[in-house]
Amino acid sequence: MDTELDAQIKNKYLYLKTILPEQLSPQLVRKLPLEFLKKQCAIPITLENGKVAIALSDPLNVEAYDAIMTVLGQLCSRVICPVSEIEQAISRCYYQSSSISSDSDNENPNVQDSSDNHNDIGRACGGTQAEDLLNIANKAPVIKLVNKIFFQAVHSRASDIHIEPYEDEARIRFRVDGVLHDIFTLPKEQIAALVSRLKIMANLNIAERRLPQDGQSRIKIGQNLMDIRVSVIPTSGGERVVLRLLDKGSGELDLNEIGFCPEVLNRFRNLIKLAHGIILLTGPTGSGKTTTLYAAMSELNCEERNILTVEDPIEYQLPGVGQMQIKPKINLTFANCLRHILRQDPDVIMIGEIRDLETAEIAIQASLTGHLVLSTLHTNDSASAVTRLIDMGIEPYLISSSVVAVMAQRLLRVTCPECKRPYTPDEQVISLWADNEKTSAIRGQLYKGLGCENCLDTGYLGRTGIFELLVIDDDVRELISKRCGSHIIKEAAVEKGMSTLREDGLRKALAGETTLEEVCRVTQDCVQTKTGVIERVGS
């Protein structure tokens, strides 16, 4: 329509730039076929006065307007809204309302009901188009089962799905905020079909059941696009499957949102701006190392810098960054990729993980020739990274001259804001930090979550990081050259002001962000006895 007619229509009808969450009514939307709403680009909403209106991208679409009023059985006003906003509202409304966590579904996830129309899986392997999970209806039972598992996992904020077959049944577990939760069990007879469906999605060999297999797929739930990494291994009870969910629409990563305290954040920002050297991130699998690396590269990413990465796998696409995926089957390893990357005139090199001596040597060589290298190591704390490199075969003088900093990190669950309540720990819990000068000076109210629907009755919602930043100064370099142990290096760094993982975690607990029990669980500095008393077991 032309501009004059467009202005007349906007004057005649209410125009909404944005549909707010409180204006969506899942009860109204579920009365209408999803395919119809998406085709007509229309959705019923609730206005501030409580009256029902129909949001349309084209207010002259009288047929859709009349059809929706007939189904709803009431007179509705017309509202104009942008196409993109209506599409997002439709996806958001179905996604939030189509929970499959009811008791009946938990007892038998293969039950077919009206929500099956909104739960299907699309796969995009080899460059094919991702299929919208909300669009497909009336699929075979095994496909509906797979769809329900994926949908509930995304709805529960799960990062991993575990399918574990045993002698009589199979257990489905989700990892939410780093902790596994039992979701439901399945009869053993359904597992073969379930695993075959997952293999088809990931382009794996469904006839091969003796060897481990790895693959990937992609699903789309409304506006959410997610990559799925599939790992299948044979066990005595059958094939065990673990699915890693990676949200491709999570937005740009930011160092300000990871959980750094201001002091560590400023020091880390200054370190990643150095022209050369190696910065290592350490911690076990799932401690957020890759997320921190991506956030650092996002901050460094500009037209003046050439940033190249070698990863296994590439978890997030960063515009403006050259990312290489290693392929061991064709001998495209970390070391081989690095040799060729050095000929591409990089300013910053990110290595997904230093796994062997050859990769470590090339990384050190790159740093000594004027490149900033970011990488990860699997060690428990920052000081242990030095001894790990020495154990690999790197000479101490090379480590002291190339490594500029090592940062250890963990992920802590954050107390749910909806159900958190203040509580006072007993004297034995207080003794955890009473003998520590850095943390005893901090005062704050402790909080813990009681559990609610918002946090799936766990008391926690989301995660944040805790960090231990070891800067390699002259004193630490001298200790490295003398091949001193990691505990001596750590003690020297602490004396000069370095905060340990436990101290950073206790700060967050005293600030009301998490609980002492969560700090103990993640840092493994203390354990909870059978009597409920928390005891010190390490430093």
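Going from atom CD1 of I163 over to atom CG of L243 covers 5.0 Å, rounded to the nearest 0.5 Å. With values rounded to the nearest 0.5 angstrom, S384 atom OG is found 11.0 Å from L389 atom CG. Atoms OG1 and CG, from T415 and L412 in turn, are 9.5 Å apart once rounded to the nearest 0.5 Å. The CD1 atom of I228 sits 9.5 Å away from the CG atom of L198 when rounded to the nearest 0.5 Å. In this structure, the separation between OG on S486 and CD1 on I480 is 11.5 Å, given to the nearest 0.5 Å. To the nearest 0.5 Å, atom CD1 of residue I161 and atom CG of residue L245 are 4.5 Å apart.
Side-chain contact between I489 and V476: present, with at least one pair of heavy atoms (C-beta onward) separated by less than 4.5 Å. Looking at D177 and R157, their side chains come closer than 4.5 Å, going by heavy atoms from C-beta outward. Between K188 and D168 there is no side-chain heavy-atom pair separated by less than 4.5 Å. Side chains of V519 and V522 form no contact here, defined as non-hydrogen atoms less than 4.5 Å apart. Taking the side chain as every heavy atom from C-beta outward, K199 and N205 never approach each other to under 4.5 Å. Inter-residue side-chain proximity for M407 and Q409 is flagged as met; some heavy-atom pair is nearer than 4.5 Å. The shortest side-chain heavy-atom distance between V241 and I233 does not fall under the 4.5 Å cut-off. Between V471 and V404, the closest side-chain pair of non-hydrogen atoms is not below 4.5 Å.
At a cut-off of 3.5 Å, with distance as the only test, no side-chain donor of E315 or T290 sits close to an acceptor on the other residue. A donor atom on one side chain and an acceptor atom on the other are not found under 3.5 Å apart for T282 and R388.
The main-chain N or O of D345 is found under 3.5 Å from a side-chain atom of N306 such that the two form a donor-acceptor pair. Looking at K38, its side chain never comes within 3.5 Å of a backbone N or O of E87 through a donor-acceptor pair. Side-chain atoms of N336 do not come within 3.5 Å of backbone N or O of L332 as any donor-acceptor pair. Judged by distance alone, with hydrogens and angles left aside, the side-chain atoms of H371 form a donor-acceptor pair with the main-chain N or O of A366 at under 3.5 Å. A donor-acceptor pair is defined here as one N or O able to donate and one able to accept, closer than 3.5 Å; no such pair exists between the side chain of N301 and the backbone of M297. Looking at E503, its side chain does come within 3.5 Å of a backbone N or O of T500 through a donor-acceptor pair. In this structure, the side chain of S375 engages the main chain of I351 through a donor-acceptor pair within 3.5 Å. Side-chain N or O atoms of E169 include none that pairs as donor or acceptor with a backbone N or O of L186 at under 3.5 Å. Put simply, the side chain of K273 never gets that close to the backbone of F268: no donor and acceptor are under 3.5 Å apart. R171 contributes no side-chain N or O that, together with a main-chain N or O of D182, makes up a donor-acceptor pair within less than 3.5 Å.
Nearest heavy atom pair, residue R463 against residue G286, reads NH1-O, 4.0 Å. Among all heavy-atom pairs drawn from G505 and T514, the shortest one is O-CG2, 4.3 Å. Residues L479 and A492 approach most closely at CD1-CB, 3.7 Å, considering heavy atoms. Residues R218 and D227 share a closest heavy-atom pair of NE-OD1, 2.8 Å. For the residue pair M201 and V146, the shortest heavy atom distance occurs at SD-CG1, 3.9 Å. Between T359 and A335, the shortest heavy-atom distance links the atoms OG1-N, 3.8 Å.
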| request: Before giving the answer on side-chain contact (heavy atoms from CB on, under 4.5 Å), spell out for S367 and L372 the whole-Å C-alpha distance, their side-chain angles and the decisive distance to 0.1 Å. | output: CA-CA 6 Å; S367 69; L372 178 65; over 6 Å; no

| request: Check the pair K490 / E468 against salt bridge (charged side-chain N to carboxylate O under 4.0 Å, His left out), numbers first and verdict last. | output: CA-CA 10 Å; K490 185 171 184 177; E468 176 183 291; 3.8 Å; yes

| message | Let's go through L255 and R269 carefully: what are the C-alpha distance in whole Å and the side-chain angles of both, what is the deciding distance for side-chain contact (heavy atoms from CB on, under 4.5 Å) to 0.1 Å, and is it a yes or a no? | response | CA-CA 9 Å; L255 285 176; R269 276 200 166 118; 4.2 Å; yes

| said: Between R229 and S217, does the side-chain hydrogen bond (donor to acceptor under 3.5 Å, both in side chains) criterion hold? Intermediate values first, please. | reply: CA-CA 7 Å; R229 281 160 45 188; S217 182; over 6 Å; no

| Intermediate values then yes/no, side-chain contact (heavy atoms from CB on, under 4.5 Å), E311 and E353 | CA-CA 8 Å; E311 305 174 60; E353 181 185 351; over 6 Å; no

| message | Is there a salt bridge (charged side-chain N to carboxylate O under 4.0 Å, His left out) between R173 and E164? Walk through the geometry before answering. | response | CA-CA 8 Å; R173 296 199 290 173; E164 306 167 354; 2.8 Å; yes

| field | Residue pair C261, V264: steps toward the side-chain contact (heavy atoms from CB on, under 4.5 Å) verdict | value | CA-CA 6 Å; C261 70; V264 175; 3.4 Å; yes

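Counted within 6.0 Å of CZ on R267, heavy atoms from surrounding residues, nucleotides or ligands total 12 or fewer; the atom is thus considered open. For E208, the CD atom counts as densely surrounded, since its 6.0 Å shell holds more than 12 non-hydrogen atoms of other residues, nucleotides or ligands. Residue H378 qualifies as enclosed at atom NE2: its count of foreign heavy atoms under 6.0 Å is above 12. The 12-atom threshold is not exceeded at CD1 of I206, counting heavy atoms of other residues, nucleotides or ligands nearer than 6.0 Å.
Screening L271, I279, I278 for a side-chain contact (heavy atoms from CB on, under 4.5 Å) involving L374 leaves a single residue, I279.
Aromatic ring pairs are classed by plane angle as parallel below 30°, tilted from 30° to 60° and perpendicular above 60°; the pair Y316 and Y294 is perpendicular.
Remark: R477 engages D474 in a salt bridge, criterion side-chain N to carboxylate O under 4.0 Å. The pair D312-R355 meets the salt-bridge criterion, since a charged nitrogen lies less than 4.0 angstrom from a carboxylate oxygen. Taking 4.0 Å as the cut-off between side-chain N and carboxylate O, E517 and R521 do not count as a salt-bridged pair.
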